Structure formats: C-alpha cells, structure tokens
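Note on naming: letters A, B, ... go to the chains in the order of the sequence lines (proteins, then strands), and numbering restarts at 1 for each one. If you're wondering where the values come from, they're calculated on a predicted model, not measured in any experiment.
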Amino acid sequence: MTVKPAEYNPKQIESYWSEKWERDGLYRSRVDWSKPKHYALTMLPYPSGDLHIGHWFAMTPSDARARYMRMKGYNVLFPMGFDAFGLPAENAAVQRNVHPWKWTYSNIERMRKQLRSMGAMFDWEREVVSCDPSYYKWTEWFFKVFFDNGLAYRGEAMVNWSPTLQTVLANEQVIDGKDERTGQPVIQKLMTQWFFNITRYADELLDYSSLDWPETVINMQKNWIGRSEGAQVTFKTEHGDAIEIFTTRPDTLWGATFMVLAPEHPLVEKVTSEGQKAAVETYKAQVARLTEIDRTAEDREKTGMFTGGYAINPVNNERIPIWIADYVLITYGSGAIMAVPAHDQRDFEFARKFNLPIRVVIQPEGETLNPDTMPEAHSHEGIMVNSGPFNGTPATNDKGRKNPAINAVIDWLEVQGIGKEAVNYRLRDWLISRQRYWGAPIPIVYGEDGTVESVPEEDLPVLLPEDVEFMPTGQSPLMFHQGFLNTKTRDGKPARRETDTMDTFMCSSWYQLRYLSPNYDHAPFDPEEAAYWLPVDVYTGGVEHATMHLLYTREFTKALRDFGVYDATAEAMRRHGRNPEGQFDEPMLVLRNQGQILGEARPGHFVMASGHFEGEKLFANKVKVVDRNAPVPANFDGVAGEIIRRTERILTVDVSTTVDEKLVTVEVLDGAEIDIPEIEGQNNVNQLKHRLDIQRMSKSKGNVVNPDELVAKYGADTVRAYLMFAFKFEKGGPWDSQGIQGVIRWINDVWEIVTTGAPEGSRPDEKANRDLLRKTHQTIARVTDGLEKFSFNTAVAALMELKNLMQASVRAQSISPEVWHESVKNMLLLMAPFTPFLAEALWEHIGEPYSVHTQAWPVYNAEIAAEDEVTLVVQINGKVRDRIQVPASITEEEAKATALASERVREFLNGGQPKKVIYIAKGNMVSIVI
RNA sequence: GCCGGAGUGGCGGAACUGGCAGACGCGCACGACUCAAAAUCGUGUGGGGUGAUACCCGUGUGGGUUCGAUUCCCACCUCCGGCACCA
C-alpha cells in the first residue's frame, strides 16, 4: 500500500533543519591541517535594517559554491559580519534621536534573523561587528602600526565645509555646491587631516600576476592608479628658485613657450611681480570659491592670470612667462607644468585665449604645421624640429622609454643634470579622517606643546563615549565631550584627543583577518588560525567596490606584511610545513563580481478619471481602471490614459493615446470613487498602480522585491535556486516575478519524485536504466563545471534536465528501484549546494545518513556518461543535410562511408565525386565538399 | 577624449578549444481534466515557406579567413561601465 506523500512544506522543513544544523554545529569551521582549506568570503553588509534581494543574490550563490567546496573535501570557512560604522546611523541619531549604538544593533539583530533564513553555511561563532570595541580596538591598533611606521601622516586636504553648520560634509551630501539637507552653500576649505601613504605601494598594486580577478576590476584599478612615465625637469625662475615640473613628453621641451603653476603653488607669491599682485590675488580668490566639481566641469573655458614673473627653460635658456591657471592641479605631479601649446591641447587652448606664442617642435610627416593657423595641438608622432641637438629624431606614438625621442631626451637630461626619468600617479593618498562620531577613533593625542603621539597599546581601544548629544548641526559630538577630549600625554602632560574618526573603509580593509579569531585579544588575529586559513581563496561582491575597498584592502595587506604583522603567522606556517612565501602579498586570490538585481518593469493602470478641471489640473471624484485597448467614449470629458507616476493622491497620467498633450496631473479628491475591477470590494487611491521602468530598486520607486515575503511564500530553497537560475551571476538583471514558477515546479517535482519512492512493480527496461544513469553522470559533470565557473544558471538547468528524465522514467515505470535510488541519491547530493533544506530533508527521507552536507561530492564516471549511440551530422559545403543515428564507437572510415552512402548525400553528389571529405570526431560530423 | 565590457527568439539565458544556434526556464497558443477557474498533464513555439516535406533566411551592421564562424580578423553602429584640464 502506498501512502500518499506529504505536501512540500518549506516553512516546516526549513525551520526544522536550521534548528538542527545550529544545534549540531554543522557549520562550525575549525583549523584542521589534515585537510586542505578553502576560505570563501562575501562582502559583509552594512546593517541598514533590512536584507535586500541584492544581498541574497550576492550571498546565496557564494554559499552554494562554498558548500560544494566542502563536499569536495575542503575544510571551508565562510563567515559573515557587519560593516557597522558609518553615516546613516549618525543621521538616524540626529533625526530620530536614537543613539547610533542602539540603531545599529537593533538593525543587526533583525538582519541576523534574515540572514539565517537564507540557509547559508555561515559560521556565526565567527561573526564580527566592526563597531564593537573588541573589533575597533584593532582598527585603532592598525592605525597605530601605520603611524609608528611612518605610513600615516597629517596633511592638508580640501573638504566640503558648511559655514552655516560649522561642519564638514561628505561628497554625497553636497549637491550643486549646496548642503543637500539645508540647501545652504558649501565652500572648499583646507583642513589638516590624516592620510595613509598608499601611493608608496602604487607600483606593487599594479602587479596582478598572482590574482584571478575580473579584467574590468583590474582595468578600473589601473585607471585609478593612473601610472604615467616621463621625466622630471627643473626649471628656474629668473631669480634662481627651482620649479620642478613633470612631463610625459620631454621630447617637446624645446616647444615650451610659457609655464603654468597651480594657483595654490607655494612659489606663486614669490614669482608674482608688484604690478600683477592684485590681479593674481583676485584670481586666486576666484578659484578658491569653486568646488572640485565646478573646477572640473566639462568644456570649461580656460582661465588664468600672468604672474609677471619669468622662468628659464633649462634646455635652451629661453626666458618664458609664468602664469597661474586652475587647469593645473596642485594635487598632481608638482603642481607646475611647462606649457607646450603646439603639442598639448590644453596648453594650446590656453595659448590661443591669452595670445601666447606657439612653437612647433614635432613636425608630422607629410604636412607642415603652422603655429598661426593650426586648429588644434598636434600630440602625435613626427620628427623633432627646433630642438637643438635632437633635430631629426623621430618621435613615435609610444609612451615613455619606448618612444625613441623621449628615451633619447631623458638620457640627455640626466647627462646634463637638469632632469631625470620619473613616474607619476593619478592615485592620491588615502584620506582616512572623518569629522564624525560614528567611526573608530583615531588613537592620537596632541600635547599642549604641539607634540603628536599615538596612544600606547595598553590603552587601546580609545572608546567612543556613549553619553553624547547629537546636534542637528551635524557636528561631531566628540568635539564637545570634555571627558573624551581631555587626556594626558605619555609623560603625563595635559593633552587633547584627536576627534576625527576613521573612514569605514579602514574597518573593511582587514575584516577578513578578524573572522579568523573574533574573540582573540592578544592581537588582531590568532597566528595559528591565520597560518591555516589565509589568504582568502574566493571573494565575491559588487563591482562598485572595485577601486576603493579592493584597492585599500590590497594596500593594507601589503603594509601589514612590510611592518611584520604577519611574522608570527609565517612562523606558524613553517611549523606546519606550509611555505609562507608570497602568502601575505594579496588578501584575496580569486574575485568575482555579481551583477545587480533591478526592479521589474510593469505597465501602469489605464484609467478614466473625471471631475472638474482647474486650469490644466483635474480634480477627480471618480477614477476607473479600464482596459487600455478599449475605446474611450467620444463624449468622455475627463482624463484617460496610463498612470505614469503616483505620489499619494497626485497622479501623472499619460494621455498621449487620446489627446496631443502628453502628461496631465490629476488630484484624486477625498472620498472619490475608485474602481479597480481586478481588486474586489472597496478600492482606494493607494491601490492604483503606476508604471515602473526597469531601474534600480528603491523604496521611493515602489519596485522593491522583499526577500522575506518571497521566503514566506515559497521557501528559501526556491528563492536561492531562482536567483541562481534566472540570472547570470556576473550580470544580474531585472526581477521577473513570473519566472520563479519554473523553479517552484522543479522543486515540487523533485519532492514528489523522491517522496513517492522507488517505483515498485515496474517493468524495468535495460535501456531506460542505462539512459538515466548516463544522464545522472552527465549531470554530475555539468553541475560540477557550473559551480567551478560561477555558472550557477547552467548548473541548475542541468539538474532540471535530470529531473525531467527521471520524472519521465518514473511515469513510464521503466526503471528499476536500484537505478531510481542511485539516481535520486546523486541528484540530492548535487542539489545540496543549491537547495540545502530540501536536499537534507529528502536525503533523510531516502534513509541516507545525516547530513547530506557532509557527504562527498559525487564522482563523475566518464564510462557511464558516455553515449552509446550518437547522431552523425552530415554537412555538404558547410550546411547540415542529413543526420544519421550511429554507434558512438564508429571509426572515421565507417563514419565517412555512412555519410557518403546516405540518400541525401547521393542526391547532392548526383553521381559525381566529392572534392573533400572531412571527419570531425568530437562533433560527430562529416563535412563533404562538392 | 582615453580605457574596458556587451549586443543571440516575445523574455531570462545556453552553446567545450572554429563543428548540429536557441539547452533549461518563463511566457504564449492549442488540447485534456473541470460546471468553471486555478493547479496539473499533453502538444507546439526563431522568421519565411509547405497539406506535410523540401528549401530559404537568421546570433548588432558590412566585409574577410575557412569545408564550416555566435566563436577568429578588419571596419562600423548601438548600449553599458570606469577615468577624465592628470601635464
């Protein structure tokens, strides 16, 4: 007697198994030198309050892969934590009077639950929270290491300063030069801030040879670092002061007809003549008022001012005027340039505007440039002219030493002692100061005598005081907290604490280390753990972190290596027989970026609204949703069209189908009659749907997909599998609420097949048995390959195919119970990474030992997977003309003979001889040329 | 402007190293079950053509290499991303 199997009930299964796994510590990861390790990491979330579908898309495929690695025999570490410092918590404090501490922790509490519902193999005992003193103690400690080793320094930097609020604003808080919230103007102000000398590592950061990272990320980082090769040349002012310049085109030195200094350049004052003083000051003041954005605005006309001073060009001792202009940036190179208008477009524009001389020194072949008439600079190849000893030297389009002209001039400059080969970077040092409360304090103390010292290690962490007041002005409460502010230097003299806190990228630059031993209190991480787990083997996250986070964490790792932080770890590695060589150069060896899940497109309701017009606007007392294809009655005098936008009771209706004007505003009056046929009962204005285009999800757009709701409705397994199936991992795409049906059906079918049990009383047929086993092994290969390559969608597709054949075999009663069991067993093992709850429940159901997740990954058997019959494809002149079923063991001669004997081929040959017959074994194909 | 990536059915997407384009799924159409609907099951589904075959066209566009091109080469178009007065 067959018992009717229970319905698939994900809620029950998922809560049962997650509790059991938790109790059993199934996902605890411990150092075990007898096994190979695998450190899988996914970027830790900011605790904004709710888990987004994007988090699921980022984390569940990575989890599937981590589970696969575990079944492959690796000892896997897959931790999770929270990047918990940052501005939103502080904004909440100001706006809603909740302490950031409370706000953050209650969000974390909520998100932990949501994360657990995912069914990921996170080891929660390794959780880290970056705003916890036990964590930020070490963030401070790293700062101290950098400070003590001279990597951290104080420097001046421009900040967005709000004079109204007396505070610094982040870039994203400034819109059109105004404070986003108050609308008050923001100015650029120089402030002393803390930096890390990241440029020290620029060259090493450009070496990606040991990394398997997406090309796009490497490309972005290379752009960001912006290495350029050239020469540094020393010009002198008339009065003998040196002006260093950097140029990528030393071959154009003889064409320099003026110099330009950045307005902030320290020599400006000295070179400015009495007569130009007032004009120069005016210009400088004008520049200071501009924000970075204004200054770099597109197609901006060149501005500048003559200083009255002159410089001597060292290559030909020519006297050339010195100008200042804001197109020269104080932050790049030396803040001064030689201007070669004939061969640099920016200099050219400047020279034309201010009537400065232009001299051609690179003459392109086949044309003669005329300085008076040339429409733009010539920045390409040619022959050097007007260049003293170098006349006739060819200049190519190559950069740096590869260009013979540049190469020769650099050698000459070095011999003459007026310049040398040099490299410059676009990359700026990392500004880590934030004038905020909710961040890790910078452990620095300022003595009254101006001394700057780091806080002794035994006094770390410098704790954030909790009894602080958040003022709506946005100022950091640390500046007013006397208990925090007042302290002592090491030798007991009165001192003041640094009130800036650290950039949150600082916290996320080393969190992969804290996961190793979150409770370790002698050091940021336990060398014994690190010796085993480091480095991270696979890292996944969004491409938006390509330049900042990923560059900082690489730099951080290299600095720790150089400052000996890994010495004890290297020692432990050696003790365990692992070679530490090169293990601390890079934090993450393999990187993959997931794409983004966008909002689903949806048409808006098509409505007929009537009421009374006031001007262009309709005040509606009746709104009826109608079929958009139905004709609107000719005598209808209201507004008919699709709702494009709806904000509360204000509708924007696209009436282009009926009248010429496109958009009409309709205000729905209180108590208006709303009729939406598809929703029964009393309707209200909030049920009217507006059109949604494909765009990023956001609450205000109303296109957010809530994973909690999906889990409640379908179960976590379905949500996981759907996300992996429906999108390319690296690409993402718009959400499709219908597509999930396919995964629901698949999971239900699997449930039904397995719970129904092996077919009893079937009439097994040898061929069907063999076909199913073959398919099973082909699926092993495809799923394995998919997981290896982050091609989750094809792996799920393969599992669906296996299910399809299994279902057909079961229905046809054509397979034996043994084959059913063998096939089901393998299928559940293969499904375990994707649908961990379902696989576990069914694994138990078929009587296999707990847990499916600790089983070995199925081994592919090529012999079983091999087809015994294949389709021989016959092409004539590259077109498929016939298909013949043949044994897979067919030889080349047999295949050619079979093909030539085919009816279709004989028709085409028409008695003649083929010119050529080609056999392609791997494609089971014969290609005949006639 | 410079650097990079991508264009395949109505949709998401598949195709190993140059070898049967469109796997798998959604959607859609028709049929079965049902009083009906949902669910489920069956059949079909790139376009043209045919009663059905045959055949022709088809992976952004145009050329090329090849017995054979979504895949390689050249030129172009479109979209997306990064950088951008960086000397």
Any chance the side chains of [X] and [Y] put a donor and an acceptor closer than 3.5 Å?
{"X": "Y283(A)", "Y": "T307(A)", "result": "no"}
{"X": "S902(A)", "Y": "D882(A)", "result": "yes"}
{"X": "N593(A)", "Y": "E730(A)", "result": "no"}

Anti versus syn assignment for G9(B), with syn defined as within 90° of 0 | syn

Looking for any heavy atom pair under 4.0 Å, which part of the strands does [X] touch: base, sugar-phosphate only, or nothing?
{"X": "K915(A)", "value": "nothing"}
{"X": "M925(A)", "value": "base"}
{"X": "N804(A)", "value": "sugar-phosphate"}
{"X": "W746(A)", "value": "nothing"}
{"X": "G732(A)", "value": "sugar-phosphate"}

Here the distance between atom P of G82(B) and atom CG of N593(A), to the nearest Å, is 13 Å

Nearest-angstrom distance from the residue atom CD of E600(A) to C1' of C26(B) | 11 Å

OP1 or OP2 of C2(B) less than 4.0 angstrom from a side-chain nitrogen or oxygen of R426(A), does that happen here?
-> no

